[in-house]
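Notes follow the structure.
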Amino acid sequence: MGRYVARRLLQMIPVFFGTTLLIFAMVHLLPGDPVLAMFGDKGADPATLAAKRHELGLDKPEWQQYLFYMRDMILHLDFGTQIRNGRPVTEVLGDAFPITLQLAVLAFAIELVFGIGLGIIGGLRAGRLADNLILIFTLLIISIPVFVLGYIIKMVFAFNLGWIAPNVSTEPVLSEMLAPAIVLGGLSLAYVARLTRTSMAENLRADYMRTAVAKGLPRRRVIGVHLMRNSMIPVVTFLGTDIGALMGGAVVTEFIFNIHGVGGVIAESISRREGSTLVGLVTILVIVYLVTSLLIDLLYAVLDPRIRYA
Amino acid sequence: MPDVTKTAAAVEDAVAPPSVDASAPVAKAEKARSLWGDAWVDLRRNPYFIVSSVLIALLLLISAWPTLFTSASPSAGDLVHHFLSKPELGSVGSPEWLGYDQQGRSVYARLIHGTRASVTVGIAVTAIVTILGGVMGMIAGYFGGVIDAFISRITDIFFGIPFLLGAMVILQSFTERTVWVVVFALAFLGWTQITRVMRGAVITVKQADYVHAAKALGAGTVRILFRHILPNAMAPVIVVATIALGGYISAEATLSFLGLGLAAPTVSWGVDISAGVAQIRVAPHVLLWPSIMLSLTVLAFIMLGEAVRNALDPKLR
């Protein structure tokens, strides 16, 4: 187990550097100059621009900039400074991240409860009316792009029924986040429901299920323990990679409901060519992704004792 | 029927479905069919498959010849037709059928002419991704070792980058964003998905007896890869690619909606939805119709992919 974790952690290192390098290169290939943008239309004389570039380290070759950036990040947890207003990136992210995290966690909870719930109902009644309704419902949810779903919900519940406010306030409370979280988690909810359903319907026919029923276990135990535990592996795999995806995908939902989270920071940094903010953000998302995928792999062994990591 | 025993030859003749020839004797259709032949028989009875194929055929027709469906220009706007002054709708197929947008342009004409952008992006990205990702996956799966480790780490890197975010960064660096720029951005980030699927399929297939037999007979690497492994490893790739096609169309619209994909004067559903948002309360139809078309298109491709998957997976039958 320990050796497996160590090997996985070692494998993460090239992926971590590769991803940050890729996003760093992509950002720095953007045309436009953040220093020039600082001075607006009026501009500044070349000496000032050069001095500012030197101060920010932007006059060095790009590979050096990358190395310095990574050194500061790893050794000092310093994600750089925003060029426009001189705020440390960690501070900017510290403001935006909790809001997005709140949204993502709520969306995750919704997808977990309702996704698995619908999946169990469908899986146990495979081929019958309830199952077909769930399949059609989830198919529709999957087909409707997130931003369309967002506006449908906004149109119906905010404008026609007046149940929710169309936009979320700057200091959002949890109840305001409900509608955006449903929009954000809707797609994954449908996937979770379908995965659970297929996996359960398949395992219902397994030999161990017949054995469990034959030896007279109560139905609750047969389904709750024997069936669920065996059916959860594909679902857990999906859920694990989804936490990071929810945070990255929150851009659209935040845009629709005017939430001041990571999405707003991303949009702003792209249009202002704030390379360090973007790289810092993506790096955090990458770390979330890498850590969750490791945890998922370790969780397999809990769900299926046949899986052992030597 | 056990798919492990099927031969490459059996797969090849499945490309022409056994009973498509009306003059073929019944006995021929009754003989043991290949996985693909079986799947085809299964598909023809599947209502999801029929509905999605008809929808996709219609969408392809619309994108190839939009003028067959409407004579109105998607960009000709006359403020006489502005939705506030002309709320009543016309007969089916006429320019005023679905109303007009803020600039007095026919929503129906824009709907029809916007199809091409979405369908082109979807098909082009899928084609590039399948070929590039498929070849990489085959190389990784077949050769294994260092090459596999290298390619797998590259796919890991791409998987770490959130798809939408990466596409936004790439697209921002282009000042003029045409359909092909969007195709490039989505394909650049999307190929690794197919690589993973193909790699897994090739690793399973390459241990099959017929591959060892071909090797023993002295077949070259290229021949083994393309004649023996590829036909047998293709099924999951086709399924994933079809479902992903719907996802790419949705991604294009999302990016256009965020102002980072296609932009006016290109006619596209995403552009129209994004323009319709401003008038959501007074004229929801401007937003609604492109949204419905977009969702229907994505639905059609996902339904097709699922139907093919169910037909190819003997466990689900």
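Order of the sequence lines sets the chain letters (A, B, ...), proteins ahead of strands, with each chain counted from 1.
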Spell out, as yes or no, whether a donor-acceptor pair under 3.5 Å connects the side chain of [X] to the backbone of [Y].
X: Glu252(B); Y: Val121(B); result: no
X: Trp269(B); Y: Leu111(B); result: yes
X: Thr155(B); Y: Thr192(B); result: no
X: Arg199(B); Y: Gly137(B); result: no

* Could you check whether the rings of Phe158(B) and Phe188(B) sit parallel, tilted or perpendicular, using 30° and 60° as the cut-offs? =>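 Geometry flag for Phe188(B) against Phe158(B): perpendicular rings.
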
* CE/Met293(B) to CD1/Ile62(B) distance, rounded to the nearest 0.5 angstrom? ->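 Separation between the atoms: 4.5 Å.
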
Interface moiety of [X] toward chain B, non-hydrogen atoms closer than 4.5 Å:
X: Ile152(A); value: neither
X: Ile136(A); value: side chain
X: Val15(A); value: both
X: Tyr151(A); value: both

Can you tell which part of [X] gets under 4.5 Å to a heavy atom of chain A, answering side chain, backbone, both or neither?
X: Ile161(B); result: both
X: Leu288(B); result: side chain
X: Tyr48(B); result: side chain

* **Heavy-atom pair count under 4.5 Å with chain A, highest-scoring of Ala300(B), Gly246(B), Ala253(B)** =>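 Max contact count across the listed options: Ala253(B).
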
* Asked: Most heavy-atom pairs under 4.5 angstrom with chain A, which of Ile154(B), Asp156(B), Leu164(B), Thr297(B)?
  ->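 Option with the greatest count: Asp156(B).
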
* Asked: Quick one: of Ile144(A), Val252(A), Leu139(A), Leu281(A), who has the most non-hydrogen atom pairs under 4.5 Å with chain B?
  ->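 The answer is Leu139(A).
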
* Asked: In terms of side-chain geometry, is the basic nitrogen of Arg128(A) or Asp131(A) positioned less than 4.0 Å from the acidic oxygen of its partner?
  ->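 Result for this pair is no, no salt bridge flagged.
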
